[in-house]
Amino acid sequence: MLADLFVDEFLGSMLNIKALRENPDLVKAAGRKKHTPCDEPVDRILELDDQRKKLLFESEELRAAQKKVGKEIAALAGEEKQARIGEMGELADRIKGYEKKLGPLEEELNELMLLVPNIPAEDVPDGETDEDNVLMREVGELPEFGFPFKDHLALGEELDLIDMKGAAKLAGSRTYMLKNEGALLELAVLQFTLERLVEKGFSPMLVPTLVRREPMVGTAYFPGGEEQAYACERDGKYLIGTSEVPVTAYHGGEILDEADLPMLYAGYSTCYRREAGAAGRDTRGLYRIHQFNKVEQVVLCRNDEEESLRMHDFILTNAEEVLQALELPYRVVNVCGGDLGQPQVQKFDIETWMPSRESYGETHSASRFHDFQARRLELRYRDENGKVHFCHPLNNTAIASPRILIPILEINQEADGRIRIPTALQSYMGGREYIGPK
RNA sequence: GGAGAGGUGGCUGAGCGGUCGAAAGCGGCGGAUUGCUAAUCCGUUGUACGGAAAAUAGUCUGUACCCGGGGUUCAAAUCCCCGCCUCUCCGCCA
C-alpha cells in the first residue's frame, strides 16, 4: 500500500535520483495509484543510474590526471614538452571513450526521469476516473425555473451573443465567437476576476502564449501532452494550454530570495487545446473548445509541506469567492488517483452547476506539486541560512471563459427571455442590469 | 528581411589556448571601529554531482558548469562550425 510506504522526506522528492534510488517502490506505487504503472521505467532508471555512477567515477579520475599533467606540460618547453604531449594522446582517447559511452546513457536516463510520476498525497482517494472523485462540499442553491429554460447556446443565438456557425466558417470545429453583450460579458468576467486577485496581492501577468519547448517540459506538460498542444513546427514553438506554463517557468533557472516568497501571480492568457481524444464529446455550445481565455493563479512558495497546503487552500478559496461573487452554485471535489496528472500531488476541482447539462461541469482546477515542477525548471530559492531549496509551485484557475458563461447565461435567464447580469459584473458592463432582446 | 556588434559569477565588467571557477568594482554576508545614521577598515562570497574521513551541521578533496550543441587540441571561457538570444542601423509593419 502506498500509505504504508509514505514517508515525509520523500514527499515530492521525485525526479530526485537519490530519493528514487532509496525508495523505488514508493514511485511504483504512485504509478499504480495514478493508473499509469511505471515499474519498468523505474527499474531501467536504477540500472542506468548504476552504470552512470561507475562510468562517471572512472572518467573523472582520468580527467583529474589529464588536468594535472596538463599543468606540468604548461611549465615545460622543447623536447621534454613534446615528449609529455605525446604520452597524453592515449589518455585523451580513453577519456573520449568514456564520453561516448556516457552520452547515450545519460540521454536515456534523462528521458526516463521525465516520465516518473510525482507521489500523490495520502488523502487522494483511490479511483480511476472522474466518477471516483470524492465530493468535499456543495455551495449555493441550484436554480429552479418556473418555465421551460433554454441552454446557453439557444439564449446566445436568440440574443445575438454567440455565433458558433460564424466561428466554424472561419476556424473550424470547436471554436466560438462572442458578439455584443456576449463579448462584453467575457471581458467583464475576466477583468472582474483579475482585479479581485490584484486586491489580494497577486501581480497580474500578461504572458506569451507561444512558447519554447522548455517551459512545456518544465511544467510537465511534455513529454506526454504533445497531442493536446498545438505545435508551430517550423519555429519549434507551442501554443500554451494555460498561462501556468509561462508564469511558472518565468523564474526557471533562478535562485530566488526566501524573503520574496510566496510569489503570487495572476496569469492572463488565451489558452489553446487540441482536445485530441475528445471527438464527439461535449460538442454543443461553449463547453469544450480549442481556444479560450483564462485568469490563472500561480503561487511559488517555500519548500514546506504546511506552507504548500496553506497556499493550496488559499488559491482554492480565492476561486470559490469568485464563484460566490458571481452567484453561481458549485461543488468542490477531491480528485482521485487515476484522474491526477503525472506531476500532481493533489488536485481539487471546482465544478459549477450548468442547468443544460443537468450536472456540475469542471470550471476550476487547483493543483499542488511539491517541488516537482521546480526541479524540472530549476526554480529555487535561498533561505536565511544560505541554503538552496526548490520552490513549491501551485496553481488554480481563477476564471476561464467562455465556459463560465454557460452557467452565468443559463442560471440568470428569466421567463421573459432576458438575462440578468450578476450584480458584481454590472459595473464592468456599463451599469447594465439585463441583457435583453434587441 | 539586409548589414554589423555582442552574450562571462547576484550586478557591472576584464580575460581571448595551459598557472582561470575566472581580475577589479558594486552588491550580499561576518567582524572591527565610530553617540545614531552615514562613512571607513579587515575577512568572506556560485551551483550540481561524486569521493574521503567525520557518518544531521561543518571540513577536506575530485569533476562539471564562462548562452546551448558539436568540433579542433595533450590542454578551450579563449580557436572553428551550427543554433538560440540581445543590441545598433536600414527596410517592412499592427
Side-chain angles (χ1 to χ4, degrees), chain A residues 7-10 13-22 45-46 48-111 113-114 206-218 231-238 246 249-261 263 270 303-304 371 374-391:
Chain A
V7 187
D8 273 358
E9 63 214 66
F10 287 109
S13 324
M14 285 319 131
L15 264 192
N16 176 355
I17 188 77
K18 276 189 227 165
L20 198 147
R21 232 180 252 154
E22 286 167 37
I45 284 169
L46 296 175
L48 289 169
D49 178 52
D50 262 359
Q51 293 175 23
R52 185 181 136 276
K53 270 174 68 176
K54 186 166 160 283
L55 290 174
L56 213 51
F57 184 76
E58 290 168 9
S59 74
E60 281 182 1
E61 287 195 320
L62 296 182
R63 265 303 267 173
Q66 187 185 44
K67 286 178 74 167
K68 187 159 166 275
V69 178
K71 281 178 188 173
E72 290 166 18
I73 288 176
L76 297 174
E79 268 180 41
E80 206 180 344
K81 184 170 188 170
Q82 288 311 313
R84 294 303 299 273
I85 287 174
E87 288 167 20
M88 294 302 287
E90 191 221 351
L91 187 57
D93 287 344
R94 284 179 67 194
I95 290 171
K96 284 208 177 81
Y98 273 100
E99 282 168 3
K100 285 220 166 64
K101 276 191 236 167
L102 273 165
L105 195 150
E106 290 189 321
E107 201 176 315
E108 186 185 349
L109 184 59
N110 292 339
E111 277 170 22
M113 285 298 283
L114 290 176
L206 305 190
V207 293
T209 54
L210 189 58
V211 302
R212 299 175 189 276
R213 190 177 170 79
E214 286 74 17
M216 299 297 281
V217 173
C232 300
E233 288 174 348
R234 277 199 303 188
D235 303 292
K237 292 185 184 177
Y238 303 85
Y250 179 48
H251 293 293
E254 296 179 21
I255 299 179
L256 305 168
D257 190 335
E258 182 175 16
D260 295 329
L261 302 180
M263 289 184 165
T270 300
N303 193 318
D304 176 275
D371 57 14
R375 283 181 184 278
R376 290 175 166 234
L377 291 165
E378 290 196 79
L379 175 44
R380 295 172 290 177
Y381 68 94
R382 198 184 303 276
D383 69 20
E384 53 186 3
N385 300 316
K387 281 199 72 174
V388 174
H389 310 270
F390 287 101
C391 298

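Lettering of chains follows the sequences in order, A, B, ..., and the numbering in each one begins at 1.
Between A:A249 and A:L377, the closest heavy-atom pair is CB-CD2, 3.7 Å.
Between A:V69 and A:K387, the residue anchored nearer the 5' end of RNA chain B, judged by the nucleotide with its closest heavy atom, is A:V69.
Listed for the A:E258 side chain is a donor-acceptor partner under 3.5 Å among the backbone atoms of A:E384. The closest donor-acceptor contact from the side chain of A:R376 to the backbone of A:L114 lies under 3.5 Å. Listed for the A:Y381 side chain is a donor-acceptor partner under 3.5 Å among the backbone atoms of A:N303.
B:G15 and B:C79 have their P atoms separated by 12 Å, with the value rounded to a whole Å. Comparing B:G83 with B:U88, their P atoms sit 23 Å apart, to the nearest whole Å. As rounded to the nearest Å, B:C90 and B:G27 have P atoms that lie 39 Å from one another. When the C1' atom is compared between B:C16 and B:G7, the two are found 15 Å apart, to the nearest whole Å. Taking atom C1' on both nucleotides, B:A55 is separated from B:U59 by 13 Å, rounded to a whole Å. Rounded to a whole angstrom, the distance from the P atom of B:C65 to that of B:U78 is 10 Å. For the P atoms, the distance linking B:C67 with B:C11 amounts to 13 Å, nearest Å. Comparing the same atom, P, in B:A23 and in B:G43 gives a spacing of 15 Å after rounding to whole Å.
Closest approach to the A:R380 side chain among B:C74, B:C49, B:A48 is made by B:A48 (side chain taken as heavy atoms from C-beta onward). The side chain of A:V388 sits closest to B:A48 out of B:A48, B:C85, B:C74. Of all nucleotides listed (B:U72, B:C49, B:G18), B:G18 comes nearest to the side chain of A:K81.
Nucleotide B:U78: unpaired (no Watson-Crick or G-U wobble partner with both distances less than 3.5 Å). Using Watson-Crick or G-U wobble geometry with both donor-acceptor distances under 3.5 Å, B:U56 finds no partner in any strand shown. When both pairing distances are held under 3.5 Å, B:G9 makes no Watson-Crick or G-U pair with any nucleotide shown. Of all nucleotides present, only B:A3 satisfies the Watson-Crick or G-U wobble test against B:U88, with each distance under 3.5 Å. Summarising the base pairing, B:C65 is matched to B:G46 through a Watson-Crick or G-U wobble pair whose two defining distances lie under 3.5 Å. Nucleotide B:G21 forms no Watson-Crick or G-U wobble pair with any nucleotide shown, as no partner meets the under 3.5 Å limit on both distances. In this structure, B:C41 and B:G31 make a Watson-Crick or G-U wobble pair, each of the two defining distances being under 3.5 angstrom.
Salt-bridge formation is detected for the pair A:D49/A:R21: a Lys NZ or Arg NE/NH1/NH2 atom is positioned less than 4.0 Å from an Asp or Glu carboxylate oxygen. For A:D383 and A:K387, the salt-bridge test fails: no basic side-chain N is under 4.0 Å from an acidic carboxylate O. The residues A:E72 and A:R84 are annotated as salt-bridged, a charged nitrogen and a carboxylate oxygen being separated by less than 4.0 angstrom.
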Which pairs, protein N/O on one side and nucleotides 63-71 of chain B N/O on the other, fall under 3.5 Å?
residue : atom : partner : partner atom : Å
B:A64   : OP1  : A:R63   : NE           : 2.6
B:A64   : OP1  : A:R63   : NH2          : 2.6
B:A64   : OP2  : A:K67   : NZ           : 2.9

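Atom CG of A:N385 is separated from atom C1' of B:U56 by 14 Å (rounded to the nearest Å). Across the protein-nucleic acid pair, A:L91 atom CG and B:U73 atom C1' stand 14 Å apart, rounded to whole Å. A:F57 places its CZ atom 9 Å from the C1' atom of B:G62, with the value rounded to the nearest Å. Spacing between atom NZ of A:K71 and atom P of B:A76 amounts to 13 Å, rounded to whole angstrom units. One atom, CD of A:E378, and another, P of B:G46, lie 18 Å apart when rounded to the nearest Å. Going from atom CD1 of A:I73 over to atom P of B:A76 covers 12 Å, rounded to whole Å. Separating the CG atom of A:L48 from the P atom of B:C49 is a distance of 19 Å, rounded to the nearest angstrom. Summarising the geometry, the separation between CZ on A:R94 and P on B:C74 is reported as 17 Å, rounded to the nearest angstrom.
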>> With salt bridge (Lys or Arg N to Asp or Glu O under 4.0 Å) as the criterion, how do A:R94 and A:E90 come out once you've worked through the C-alpha distance, each side chain's angles and the decisive distance to 0.1 Å?
In response: CA-CA 6 Å; A:R94 284 179 67 194; A:E90 191 221 351; 5.1 Å; no
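Within a 6.0 Å sphere centred on OH of A:Y98, other residues, nucleotides and ligands contribute more than 12 heavy atoms.
Distances shown here put a side-chain N or O of A:R382 below 4.0 Å from the OP1 or OP2 atom of B:U47. Between B:C74 and A:Q66, no contact under 4.0 Å exists linking OP1 or OP2 to a side-chain N or O.
Across all strands, A:R212 comes closer than 4.0 Å only to sugar-phosphate atoms, never to a base (heavy-atom distances).
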